[in-house]
**Student:** 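Let me begin by handing over the structure; questions about it come next.
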Protein chains: 2
Amino acid sequence: MKQYNLGIEATLEILGGKWKALIVCLLMSGKKRTSELERLIPDISQKVLIQQLRELERDGIVGRINYHQMPPKVEYYVTEYGITANKIIDIMCSWGRENIRLRKSQGEDIELLEK
Amino acid sequence: MKQYNLGIEATLEILGGKWKALIVCLLMSGKKRTSELERLIPDISQKVLIQQLRELERDGIVGRINYHQMPPKVEYYVTEYGITANKIIDIMCSWGRENIRLRKSQGEDIELLEK
DNA sequence: TATAATACTTACTTCAAAGTGTGTATTCCT
DNA sequence: AGGAATACACACTTTGAAGTAAGTATTATA
């Protein structure tokens, strides 16, 4: 039996992966192939990319289309449910942005790449 | 130089600690002594409790009052800035609650202790 | 013939967060 | 004199997420 003290723990399990929010954000602008995501996220390893996509798929956030071609072609997209997740991602992003701005104004050496 | 792709990464750093949301939620109902928090969160170890409190303090979310008594007395409370954090904690909690409800209705063996 | 492209899998390593267990200073109480 | 209570510190171990590196199957193309 899995137990949570607060709902936030489930949120963190689903969206807390190091690259998950970024993946979902990128997919929000349209479905993408694995190789496209690799190019868009240069610092992620192939293994971790696939892993996070599998978990996002298992949690119903993204969907997967296999074209059964050779060489392989697979595409990922954000599901309807994933769009509700994107809404909290947005909120978490904006609070975090504010926090970074604050810390930066206090002299911390930090940078936000996001536009 | 610390770099973030998205604002959410800062949010996760600040609120992603295993017990942080719970601590902040408990402190929202009024300031509390270390020993009270220990009793309210039976599964946390003393070391980790202190650690998370220190980090929340460093990040401006909670404040600390030392009464300089013997035996020691210290109290923690949520700062003004911490209250803005509590707002996203709430949102993350409600999305997570919904997610748990969904998974439970699909037969998963999970439980939410939060009322 | 052999190299490229694609979407993976598998084995192994690294690292930081979390957990475990013990110790400390001081005062009150019995 | 001995024990309880409080808020820690310190050293060590465990765990899981992430990172690294290599390998696989299939087809097209030079």
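Quick note: numbers below take in every heavy atom, side chains included, and nothing from hydrogens, waters or symmetry partners. Note on naming: letters A, B, ... go to the chains in the order of the sequence lines (proteins, then strands), and numbering restarts at 1 for each one.
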**Student:** What I want to find out is whether A:Lys20 reaches A:Glu55 closely enough, with some N-O distance under 4.0 Å, to be called a salt bridge.
**Tutor:** yes
**Student:** So which of B:Leu27, B:Ile23, B:Leu26 actually passes side-chain contact (heavy atoms from CB on, under 4.5 Å) with B:Leu40?
**Tutor:**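 Among B:Leu27, B:Ile23, B:Leu26, the one that satisfies the side-chain contact (heavy atoms from CB on, under 4.5 Å) with B:Leu40 is B:Leu26.
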**Student:** Nearest 0.5 Å please: distance from the NZ atom of A:Lys104 over to the NZ atom of B:Lys2.
**Tutor:**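 It comes to 14.5 Å.
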**Student:** Any luck finding a side-chain donor-acceptor pair between B:Tyr4 and B:Glu13 under 3.5 Å?
**Tutor:**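 There is such a pair (donor and acceptor under 3.5 Å, judged by atom type) between the side chains of B:Tyr4 and B:Glu13.
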**Student:** Does the side chain of B:Ser29 come under 3.5 Å of the side chain of B:Lys32 through a donor N or O and an acceptor N or O?
**Tutor:** yes
**Student:** When you check the phosphate oxygens OP1 and OP2 of C:dC8, does a side-chain N or O of A:Arg64 lie under 4.0 Å from one of them?
**Tutor:** yes
**Student:** If the cut-off is 4.0 Å, is A:Arg33 near the phosphate of C:dT6, judged by side-chain N/O to OP1 or OP2?
**Tutor:** no
**Student:** Need one value for A:Tyr76: base, sugar-phosphate or nothing, where a base atom within 4.0 Å counts as base even if backbone is also close, heavy atoms only.
**Tutor:**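 Sugar-phosphate only.
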**Student:** NZ of A:Lys73 versus P of D:dA28: gap in Å, rounded?
**Tutor:**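 In whole Å, D:dA28 P and A:Lys73 NZ are 16 Å from each other.
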**Student:** Produce a footprint string for nucleotides 15-25 of chain C: one letter per nucleotide, 5' end first; B if the base is under 4.0 Å from any protein heavy atom, S if only the sugar-phosphate is, - if neither.
**Tutor:** ---BBB-----
**Student:** Using distance alone, with no hydrogens and no angle criterion, decide if A:Tyr81 and A:Asn86 have a side-chain donor and acceptor under 3.5 Å apart.
**Tutor:**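 No, no side-chain donor-acceptor contact under 3.5 Å.
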**Student:** A:Leu49 has an atom CG; how far is it from atom C1' of C:dT9, in whole Å?
**Tutor:**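 Roughly 14 Å, once rounded to whole Å.
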**Student:** Establish, with yes or no, whether the OP1 or OP2 oxygen of D:dT6 is under 4.0 angstrom from a side-chain nitrogen or oxygen of B:Thr34.
**Tutor:**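 B:Thr34 to D:dT6 OP1/OP2: no side-chain N or O under 4.0 Å.
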**Student:** Counting only side-chain N and O atoms of A:Arg39, is one of them less than 4.0 Å from OP1 or OP2 of C:dA5?
**Tutor:** no
**Student:** What is the separation between atom CG on A:Leu53 and atom P on C:dT9, rounded to the nearest whole Å?
**Tutor:** 11 Å
